[in-house]
Number of protein chains: 2
Amino acid sequence: MAKTAVVNINIVTGDPRPIFRQIVEGLRMEIACGNLPVGAKLPSVRGLAMQLTINANTVAKAYSELTTQGLLEARQGLGLFVAQPKQRLNQDEQEKQLGSAIEKFVNDIAYLDFDKKDLLNRIEESISKLSHKRDED
Amino acid sequence: MAKTAVVNINIVTGDPRPIFRQIVEGLRMEIACGNLPVGAKLPSVRGLAMQLTINANTVAKAYSELTTQGLLEARQGLGLFVAQPKQRLNQDEQEKQLGSAIEKFVNDIAYLDFDKKDLLNRIEESISKLSHKRDED
DNA sequence: AAACTGTACTATGTGTAGTAGTACAGTAAA
DNA sequence: TTTACTGTACTACTACACATAGTACAGTTT
């Protein structure tokens, strides 16, 4: 049987995001960075709940959303696995989400002091950590 | 008496953000882009509520948060005005917020298709619309 | 059969968001 | 002085989101 991957996420008290969303976003990044490759087996609902000291239903909710997003694949009685990535959004929806993300980001940083070049470098660096972005020009 | 500025924001049904937050973020951008210059007089709590067809207490809540953030200055009996910008965060807190914003942004775009150079250009372009970022190198 | 796994449900409590309504204090204009 | 604007603050209510606790069922492997 496949060995359970180590999931390196934690819940930050005081983070304005709900707990289940911190899990969702934490796992999205772990998968996007290649720390959880396709086929990796995630901790069980009850296992991750104990690890994070939260309720199992909260973990189940996060896992359910990731499954709906196509990042995970659930097999009842067996566990949850990182799914083979597939294109799920059409071009228009992609463009819309990209635009929203840029707008939200600029809103967040609008009142901060920073050097523009430095900022763009940091963004480029963070993007380069995404595993499927590493091989691009 | 100062003329009330026209505020070009609207509430998007279906937007996951609470209504008061859409107002906060909309006004932050209007101010940051120079559409609402220092000293501009905003619509009254009751006026904006009517304009947006929402409750006046919801507007008051948004205005209150913007006042706390230092972007607006309230004068009881007179109205609300765009405040003189002032540095409010220390360097550490700035860096922390910048890091969080980048992290959140990369999480949002991690599964989208985009050309890296194009993305960085679009971010640079959006930043250039911020009025206090126009004169920078 | 036991022990793991996911899935789904009810029930409860807490906190947030928004509305509706009301009232008070400050200011300017008539 | 009155009127009409302004911001500020409060109570009360409803609805929803979030998280927990508990329970039970079905699938799979050992």
Side-chain angles (χ1 to χ4, degrees), chain A residues 1-5 7 9-27 39-83, chain B residues 1-5 7 9-27 39-83:
Chain A
M1 181 56 67
K3 187 174 208 145
T4 299
V7 155
I9 66 172
N10 44 53
I11 301 305
V12 177
T13 307
D15 192 309
R17 294 172 297 168
I19 294 175
F20 82 93
R21 185 142 305 285
Q22 291 183 55
I23 300 171
V24 167
E25 292 181 6
L27 287 173
K41 183 176 185 295
L42 270 73
S44 71
V45 164
R46 292 168 182 83
L48 189 60
M50 288 182 61
Q51 176 186 327
L52 301 178
T53 320
I54 64 176
N55 194 267
N57 288 325
T58 303
V59 175
K61 178 168 174 167
Y63 276 173
S64 176
E65 177 157 331
L66 287 159
T67 305
T68 300
Q69 286 179 18
L71 300 188
L72 297 185
E73 191 179 318
R75 291 182 181 139
Q76 183 162 337
L78 281 167
L80 280 116
F81 303 84
V82 177
Chain B
M1 184 55 67
K3 188 173 204 143
T4 298
V7 156
I9 66 172
N10 45 53
I11 302 305
V12 177
T13 306
D15 193 308
R17 295 172 297 171
I19 294 176
F20 84 93
R21 186 141 305 285
Q22 293 183 53
I23 300 170
V24 167
E25 292 181 5
L27 288 174
K41 184 177 185 293
L42 269 73
S44 72
V45 165
R46 291 169 182 84
L48 189 62
M50 286 180 61
Q51 176 185 326
L52 301 177
T53 319
I54 64 177
N55 193 268
N57 289 326
T58 304
V59 175
K61 178 168 173 167
Y63 277 174
S64 177
E65 176 157 331
L66 287 159
T67 304
T68 299
Q69 286 179 17
L71 300 187
L72 297 186
E73 191 178 320
R75 288 183 184 142
Q76 184 163 339
L78 282 165
L80 278 118
F81 302 83
V82 177

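The interatomic distance linking Asp15(B) (CG) with dA17(D) (P) rounds to 15 Å, in whole Å. If you measure from atom CD1 of Ile11(B) to atom P of dT19(C), you get 9 Å, rounded to the nearest angstrom. Here dA17(C) presents its C1' atom at 12 Å from CD of Gln22(B), a figure rounded to the nearest Å. Atom CD of Glu65(B) is separated from atom P of dA17(C) by 9 Å (rounded to the nearest Å). Taking atom CD of residue Glu73(A) and atom P of nucleotide dG6(C), one finds them 14 Å apart after rounding to whole Å. To the nearest angstrom, C1' of dT11(D) lies 16 Å from NZ of Lys61(B). For Leu80(B) and dT6(D), the CG to P distance is 11 Å, given to the nearest whole Å. The distance from atom CZ of Arg17(A) to atom P of dT16(C) is 17 Å, rounded to the nearest whole Å.
By the 4.5 Å heavy-atom criterion applied to side chains, Tyr63(A) and Ser44(A) are not counted as neighbours. Residues Phe20(A) and Ile54(A) form no side-chain contact, since every pair of their non-hydrogen atoms from C-beta on lies 4.5 Å or further apart. Leu42(B) is not listed as a side-chain neighbour of Leu48(B), based on a closest heavy-atom distance of 4.5 Å or more.
Contact annotation: Thr58(B) does not reach the phosphate of dA17(C) (side-chain N/O to OP1 or OP2, under 4.0 Å). Residue Ser44(A) places at least one side-chain N or O under 4.0 Å from the OP1 or OP2 atom of dT5(C).
Ranking dG7(D), dG18(C), dT20(D) by closeness to the Ile19(B) side chain, first place goes to dG18(C). Closest to the Leu78(A) side chain, of the nucleotides dT28(D), dA21(D), dG6(C), is dT28(D). Residue Gln76(A) has its side chain nearest to dT7(C) when only dT7(C), dG7(D), dA9(D) are considered. The listed nucleotides are dC18(D), dG7(D), dA20(C); the one nearest the side chain of Asn55(B) is dA20(C). Out of dT19(C), dT7(C), dT8(D), the shortest distance to the side chain of Arg46(A) is found at dT7(C). Which of dT19(C), dT8(D), dT20(D) sits closest to the side chain of Asn57(A) comes down to dT20(D).
Counting only distance, with no hydrogens or angles, the side chain of Thr68(B) and the backbone of Ser64(B) share a donor-acceptor pair below 3.5 Å.
The CG atom of Asn57(A) sits 9.5 Å away from atom CZ of Arg46(A), with the distance rounded to the nearest 0.5 Å.
Positionally, the nearest nucleotide of DNA chain D for Pro43(B) lies more toward the 5' end than for the other of Arg21(A) and Pro43(B).
Using a 4.0 Å heavy-atom cutoff across all strands shown, Phe20(B) reaches sugar-phosphate atoms only and no base atom.
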